[in-house]
Asker: 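My structure is below; once you've seen it, I'll send some questions.
Given the structure is predicted, the values throughout are model-derived calculations rather than measurements.
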Amino acid sequence: MELKLHIGTEKTGTTTFQAFLNENRDELLNSGYLVPRSIGVGNNRALVSCAMGNSNFDDYHSANQIFNLEQKKSHDKNIIELLKSEVAACSNVHTVIISSEHFHSRLVEIDEIETLYGILKDLFTSIKVYVYLRPQIEVATSLYSTVLRAGSKLKFTDFIQSNLRIDNRYYRYDILLNEWGTVFGDENIYPRIFSRSSFVNGDLIDDFIQQLGLSHIRQLKRVSNANESLNLMGQEFYRASNISHESTDRKPYHLLEGYFTGKGAMPSKELAESLQIAFEEYNQSLFSKWFDNNESFMVDFAKYGIGNRLSASEEALISELFFKPNRLNEKDVDYLRDLAVKLEKQDINDSLKLMKIAHQYRPDGKFISKKIEKYNELLK
């Protein structure tokens, strides 16, 4: 039985690809391809835990109430047994597809990669590793939304300058591929550039389909792009919320991203060039070993220009809302009222919070008062 192991990297459309696999799981199974669920639905992140060092814990573990080594060992042992059972139960399967971008971000030592290989080698006669690589400056820019969701208070420029460094293994693709090649064999590593110009038909899913040898399956359904980044306003909402609600576990604006998707903060052209060029030597080594001579990262630095930032009125709104709660104007109150209404179908609690803020500045507003009354009734 063959394994096709997709390891990311992060910020290369992995959520979309995993949604595609999950959507087409039955059709793939009918054709002899198993997308396992015992190790996580969509993102097979549970298997990543099994290979992480005993002293390494992350948000996956806390979300699953795993707080010590004994609990982790028990969890990992159970996951491995569940995977073995799921694979053994599928007699008509010739290929298993496993996907998690956290193989890239969490397995940071070669012995962790070796642990993963030890888990898989007895289950599969052949293991092929697929990985997409994106210019480091683009990854770091996209990563900013993720770290804000995780609670960061850093401004964009502070984040990108402190995070995008050559001593941060997260961005050292030369080390990544060399270590995975050492463990799984260079001949079993299949790197691709994450770029529309490199994709089959200029489409990420078409490229995945061809790389994994699924082109002969004609009934595969398409999915929309997932995991969109926050736009500038969304990013600043999150950052301000992280600062002003430091002790709150559930940030009050966690649902706003559905209304604030798009292009987020970007560095200036000069900053982008200086940060990306620091990786030039390592990227040249990467491409000379793993790619054809004519392939490389093509970064359009002109698109960065002078960078981007919020307008003065947008900055003022966030400042007033989070840090000067007695100085919102009528337009700001309208904005909060309308946003609360938009969020009704997602979370009444958040709608109530926003409407109550609007009510503080417009206590005689009949519409606002009626909405608060309605929300309270629904929450009883």
Asker: Only counting residues at least two apart or in another chain, list the ones meeting side chain to side chain contact (heavy atoms under 4.5 Å, CB included) with K77.
Answerer: none

Asker: Mind checking whether L230 and R149 have side chains closer than 4.5 Å, heavy atoms only?
Answerer: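 Yes. Closest side-chain heavy atoms under 4.5 Å.
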
Asker: Is a side-chain N or O of Q276 found less than 3.5 angstrom from the main chain of Q136, in a donor-acceptor match?
Answerer: yes

Asker: Taking the side chain as every heavy atom from C-beta outward, state whether F103 and L47 have any pair of such atoms under 4.5 Å apart.
Answerer: yes

Asker: Mind checking the OG-NE2 spacing from S100 to H6? Nearest 0.5 Å is all I need.
Answerer: 9.0 Å

Asker: Are the side chains of R362 and E330 in touch, meaning some heavy atoms are under 4.5 Å apart?
Answerer: yes

Asker: Who pairs with N24 by side chain to side chain contact (heavy atoms under 4.5 Å, CB included), at least two apart in sequence or on another chain?
Answerer: F20, L28, L220, K221

Asker: Output all residues satisfying side chain to side chain contact (heavy atoms under 4.5 Å, CB included) with K374, sequence neighbours left out; order by chain, then residue number.
Answerer: K371, L378

Asker: Just grab all the salt bridge (charged side-chain N to carboxylate O under 4.0 Å, His left out) pairs involving residues 27-37, residues at least two apart or on different chains.
Answerer: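 Every pair satisfying salt bridge (charged side-chain N to carboxylate O under 4.0 Å, His left out) with a residue in residues 27-37: there are none.
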
Asker: Using a 4.5 Å cut-off on heavy atoms from C-beta on, say whether the side chain of T95 contacts that of L3.
Answerer: no

Asker: If you count the non-hydrogen atoms of other residues, nucleotides and ligands that lie under 6.0 Å from CD1 in I306, is the total more than 12?
Answerer: no

Asker: Would you please name every residue forming a salt bridge (Lys or Arg N to Asp or Glu O under 4.0 Å) with R25, sequence neighbours left out?
Answerer: E86

Asker: Before giving the answer on ring-ring contact (aromatic ring centres under 6.0 Å, His included), spell out for F194 and F199 the whole-Å C-alpha distance, their side-chain angles and the decisive distance to 0.1 Å.
Answerer: CA-CA 7 Å; F194 183 80; F199 296 155; 5.4 Å; yes

Asker: Report yes if some heavy atom in the side chain of W180 is under 4.5 Å from a heavy atom in the side chain of I7; otherwise report no.
Answerer: yes

Asker: Got a second to check how far I368's CD1 is from L354's CG, nearest 0.5 Å?
Answerer: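 If we round to the nearest 0.5 Å, I368:CD1 and L354:CG are 11.0 Å apart.
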
Asker: Give, for atom CG of N56 and atom CG of L107, the distance between the pair rounded to the nearest 0.5 Å.
Answerer: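 N56 CG to L107 CG: 9.0 Å, rounded to 0.5 Å.
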
Asker: Does any part of the side chain of V96, heavy atoms only, come nearer than 4.5 Å to the side chain of E2, both counted from C-beta?
Answerer: no

Asker: Quick check against the 3.5 Å criterion: does D203 have a side-chain atom that pairs as donor or acceptor with the backbone of I205?
Answerer: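 It does hold such a pair.
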
Asker: Is there a side-chain contact between L148 and F237, using heavy atoms and a 4.5 Å cut-off?
Answerer: no

Asker: With sequence neighbours excluded, give me every salt bridge (charged side-chain N to carboxylate O under 4.0 Å, His left out) pair touching residues 188-200.
Answerer: R192-D207

Asker: Using atom types as modelled and distance alone, determine if a side-chain donor or acceptor of Y282 lies under 3.5 Å from a backbone N or O of Y171.
Answerer: no

Asker: Let me see the working for E373 and K370 under salt bridge (Lys or Arg N to Asp or Glu O under 4.0 Å), right down to the final yes or no.
Answerer: CA-CA 5 Å; E373 183 178 345; K370 287 182 179 180; over 6 Å; no

Asker: Would you call the rings of Y144 and F159 parallel, tilted or perpendicular, where under 30° means parallel and over 60° means perpendicular?
Answerer: tilted

Asker: When rounded to the nearest 0.5 angstrom, what distance separates CZ in F184 from CD1 in I189?
Answerer: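 Answer rounded to 0.5 Å: 7.5 Å.
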
Asker: I'd like to check T141 versus P267 (side-chain heavy atoms, cut-off strictly below 4.5 Å). Are they in contact?
Answerer: yes

